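Since the structure is predicted, the reported quantities are computational estimates derived from the model, not experimental observations. Just so it is clear: chains get the letters A, B, ... in the order the sequence lines come, proteins before strands, and each one is counted from 1. Atoms considered below: every heavy atom in the structure, side chains included; atoms not considered: hydrogens, waters and symmetry mates.
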2 protein chains.
Amino acid sequence: MVTRKGTTRASILEASVDLFGSRGFSAVSLDDIAAVVGVAKQTVLYWFPSKDELLEAVLEQTAIELAAVIEAAVRSAPDEPLARVEAVIKAVLRPAVRRPALLGLVREVSRLSPEHAERLTTQVQPFVRRAIDYLAQEMQAGRLRTADPGLVVALSYATVTGIATEPTALRAVEWEATTAGLRRLRSELTEFLLAALRP
Amino acid sequence: MVTRKGTTRASILEASVDLFGSRGFSAVSLDDIAAVVGVAKQTVLYWFPSKDELLEAVLEQTAIELAAVIEAAVRSAPDEPLARVEAVIKAVLRPAVRRPALLGLVREVSRLSPEHAERLTTQVQPFVRRAIDYLAQEMQAGRLRTADPGLVVALSYATVTGIATEPTALRAVEWEATTAGLRRLRSELTEFLLAALRP
DNA sequence: CCCTCTTTCTACCATATGGTAGAGAGCGAT
DNA sequence: ATCGCTCTCTACCATATGGTAGAAAGAGGG
């Protein structure tokens, strides 16, 4: 075949993120993925020896991508906690809205086997630690509302991924997915979180 | 048979909430449910003619239960928006922690067919409308931070269900599911949301 | 030209799963 | 007793799905 090395593999990963993230792991068959990519099921099984290993690869790649996005946002923001939070929201919301499945996949983790969940947790752990330490320090400095920094991280995460992964909820409050609606969503989410975090 | 009328049916519904809510609809087989209840698969299919109709019944019952809990909480709280929010959090968090699958099921809705999602949305719509109107009114009266009331409802919902349905995230921040941990979670969640809503 | 390596596909297979058909068991009414 | 109703079960079936075996088809080196 003519395709450049890795192209098929990458396409499979991409399609898998979308499908697993939107419908859930077990609701997606290898045939579904193959159909989206435009290959035979066996090609999928050639690049990933089993559905389970495909999932692992998908999770790992997603974690890496998201980590990079967040890392860049934090780095480019001024050294002020609220500004950084705002930057992260902005950075995460863009890919999240363009590909809703991304955060959907993150959420899917809680439904998977403890092994998969723990793998991801371990991978994300250093980031979480850093975030918690940072928040703790800024709280002590009076630049953030004093609270349990760990739970604040979890709550912020819950708010952002929650709002980004539940189109149903947004439709229930008659929100519309237009450009204007998106801008409004972003600004409301930011205000909401900043209000929750401000001293 | 001797069993009181409806007992089997209720057991099936209960087990289905737990299984669908924790593992996801398509990851649960009728045999799984039957095994938990302690009957044959055919008994499940006797009470609910298909897996799909079982799901519908499960969703409807869950919606009714949750609505009752929230309704009662709002009614019993003083007529002050922040107190009401606090009461609702308290009321929702109790069943949510005891049966994590409850809110997990609510979340599952976004992965299901548009028909199921719309059914639920329609059912919940009046509550949402009332909540939005109430918030709008209280914002105008200066008792809540002024914002888009619809999105505030969605964001609050996202925060609560997010934190209640993602044990993985909580474990990642080293939260422990003890009685003390639970109390702390509730108080931090309340503080977080109240801070986000206060004028 | 041919050998080998990589990549993809066709042909199957075993199992799991949703669902159908119908039998049997308890029980109240006639 | 027996008829009928409710409820649960055993026996099957068709299909979908994850996975195996191995053939074909290019591409590059000798």
Side-chain angles (χ1 to χ4, degrees), chain A residues 1-61 105 108-109 111-113 115-116 119, chain B residues 1-61 105 108-109 111-113 115-116 119:
Chain A
M1 267 289 146
V2 204
T3 52
R4 221 172 54 250
K5 185 195 171 188
T7 289
T8 303
R9 197 187 134 98
S11 305
I12 293 172
L13 275 178
E14 197 188 327
S16 299
V17 170
D18 290 341
L19 289 171
F20 288 162
S22 61
R23 291 193 223 157
F25 176 66
S26 56
V28 175
S29 73
L30 294 180
D31 278 311
D32 290 338
I33 297 168
V36 168
V37 178
V39 296
K41 177 176 64 171
Q42 304 317 317
T43 303
V44 176
L45 282 167
Y46 169 77
W47 289 105
F48 305 91
S50 74
K51 195 186 176 188
D52 224 65
E53 294 195 42
L54 169 59
L55 174 63
E56 268 178 38
V58 164
L59 289 177
E60 191 178 332
Q61 205 215 279
L105 184 67
E108 181 74 3
V109 172
R111 327 209 99 137
L112 304 174
S113 72
E115 293 82 46
H116 283 130
R119 242 165 157 270
Chain B
M1 266 291 141
V2 203
T3 52
R4 223 173 52 252
K5 186 195 171 188
T7 289
T8 303
R9 196 187 135 98
S11 305
I12 293 172
L13 275 178
E14 197 188 326
S16 300
V17 170
D18 290 342
L19 289 171
F20 289 161
S22 61
R23 293 193 222 157
F25 177 66
S26 56
V28 175
S29 73
L30 294 179
D31 278 310
D32 290 338
I33 297 167
V36 168
V37 179
V39 297
K41 177 175 64 172
Q42 305 317 316
T43 303
V44 176
L45 282 168
Y46 169 78
W47 290 104
F48 305 91
S50 73
K51 196 186 176 187
D52 224 64
E53 295 194 41
L54 169 58
L55 174 64
E56 268 179 38
V58 165
L59 289 177
E60 192 179 331
Q61 205 215 282
L105 183 67
E108 181 74 3
V109 172
R111 325 210 101 136
L112 304 174
S113 73
E115 293 82 46
H116 283 129
R119 241 164 158 269

Enumerate the protein-to-nucleotides 10-12 of chain C contacts in which both atoms are nitrogen or oxygen and the separation is below 3.5 Å.
unit_1  : atom_1 : unit_2   : atom_2 : d
dA11(C) : N6     : Gln42(A) : NE2    : 3.4

_Atom-pair distance (CZ on Phe48(A); C1' on dG19(D)), nearest Å_ = 16 Å
*At what distance, to the nearest 0.5 angstrom, does OG of Ser11(B) lie from CD1 of Ile33(B)?*
12.5 Å
*Quick one: which of dT20(D), dG19(C), dT8(C) gets closest to the side chain of Leu45(B)?*
dG19(C)
_So, using side chain to side chain donor-acceptor pair (under 3.5 Å) as the criterion, who are the partners of Gln61(A) when residues are at least two apart?_
Glu65(A)
*Within less than 4.0 Å of OP1 or OP2 of dT8(C), is there a side-chain N or O belonging to Thr8(A)?*
yes
*Do any pairs count as a salt bridge (charged side-chain N to carboxylate O under 4.0 Å, His left out) and have a residue in residues 14-34 of chain A, sequence neighbours left out, and if so which ones?*
Asp18(A)-Arg99(A), Arg23(A)-Asp32(A)
*side chain to side chain donor-acceptor pair (under 3.5 Å) partners for Arg119(B), two or more places apart*: none
_Non-neighbouring partners of Phe48(B) that pass side-chain contact (heavy atoms from CB on, under 4.5 Å), sequence neighbours left out_ = Arg9(B), Ile12(B), Leu13(B), Leu54(B), Ala57(B)
*Taking DNA chain D as the partner, which of residues 49-58 of chain B come within under 4.0 angstrom of it by heavy atom?*
none
*Nearest atoms (heavy-atom pairs only) where Phe25(B) meets Lys51(B)*: O-NZ, 3.2 Å
*Output the distance between atom CZ (Arg111(B)) and atom CZ (Arg111(A)), rounded to the nearest 0.5 Å.*
6.5 Å
For residues 35-44 of chain A, which side-chain N or O atoms pair as donor and acceptor with protein atoms under 3.5 Å away, sequence neighbours left out?
none

_Nearest atoms (heavy-atom pairs only) where Ser16(B) meets Val58(B)_ = CB-CG2, 3.5 Å
*Using only side-chain N and O atoms of Tyr46(A), determine if any of them is under 4.0 Å from OP1 or OP2 of dT8(C).*
no
_Asp52(B) and His116(B), any side-chain heavy atoms less than 4.5 Å apart_ = yes
*Taking only side-chain nitrogens and oxygens of Trp47(B), does any of them come within less than 4.0 Å of OP1 or OP2 of dT6(D)?*
no
*Close residues, residues 17-36 of chain B, relative to DNA chain D [heavy-atom separation under 4.0 Å]*: none
*Worked verdict on Glu56(B) versus Glu115(B) for side chain to side chain contact (heavy atoms under 4.5 Å, CB included)*: CA-CA 10 Å; Glu56(B) 268 179 38; Glu115(B) 293 82 46; over 6 Å; no
